[in-house]
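Accompanying notes for the structure given below.
The residues of the chain are indexed from 1 along the displayed sequence. Counting starts at 1 for both ligands and their atoms, in listed order.
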Amino acid sequence: MSYLKQNIQQIKKRIEAAAERSGRNPEDIYLIAVTKNFSAELIQEAVDNGIVFLGENRVQEAKSKVDLVKGNIEWHLIGHLQRNKVKTAIDIFTMIQSLDSWRLAEEIQKRAQQADKVIDVLVQVNIGSEETKYGIDPDDTEVFIEKVATLPNLKVRGLMAIAPFKENPEDVRAYFRHLREIFQSIKEKSIENVSMEYLSMGMSNDFEVAIEEGANMVRIGTGIFGTRK
Ligand SMILES: *Cc1c(COP(=O)(O)O)cnc(C)c1O
């Protein structure tokens, strides 16, 4: 059995166990395979072993791969999007998980309208309020979403966050819990044109804790493909 196939099976088992620990259905957890720095050949092998959702950080890198990977797949953008790349991004990606500013939202609105599309987005929250990370401040998230909700060609489908890096994943549990609370509170507002369905949090080193705290989308790179060069 190839190492990729083995890795995918192991990750799926761990997702299942974490879901069960938190009393949830493992089938409700989406696995996004994060493909940055990995070749189209390797991505194809992952897809042939059951991966459906692919996450890329950069528009240019995704563009060089999309035509080379075949199958029933969806590409999600998970990295910072520059406004001059929006037009290409909405051609490639099924979902933009990294909406992190109002100016970007306005640009997506403009390009989506021109293309006659409605773009699914997740709002990226800077859950650790880190200067080195993109994202909306946790305290501003609700107001931001109310504003984005007025843009007819964007549809907010949930939240995404990258927790601060800690050796011990237990140390990020509180961040995940906080994001889950924000998610829940916005969901309960039932804002028009907003559908709070996806909570995208958790990466290779902390996805089990994220699932235990309510994530239903995890983004895993090295856990599937191995160490990035
Ligand atoms: C790289 C990346 C991941 C995956 O990280 P791993 O540690 O390789 O699992 C997830 N989300 C985002 C936004 C990333 O940039």
Taking 4.0 angstrom as the limit, do [X] and [Y] come out as a salt bridge?
| X | Y | result |
| --- | --- | --- |
| Glu16 | Lys13 | no |
| Lys36 | Glu56 | no |
| Arg111 | Glu107 | yes |

- Item | Passing candidate, side chain to side chain donor-acceptor pair (under 3.5 Å) with Asp120, options Arg157, Gln97, His76 | Arg157

- Message: As a test of understanding, state which of Val52, Leu54, Asn72 forms a side chain to side chain contact (heavy atoms under 4.5 Å, CB included) with Val47.
- Response: Leu54

- Please state whether the rings of His80 and Tyr134 are parallel, tilted or perpendicular, taking 30° and 60° as the class boundaries. parallel

- Proximal protein residues to ligand 1, non-hydrogen atoms under 4.0 angstrom: Val34, Lys36, Asn57, Ile78, Ile162, Met203, Ser204, Arg219, Ile220, Gly221, Thr222, Arg228

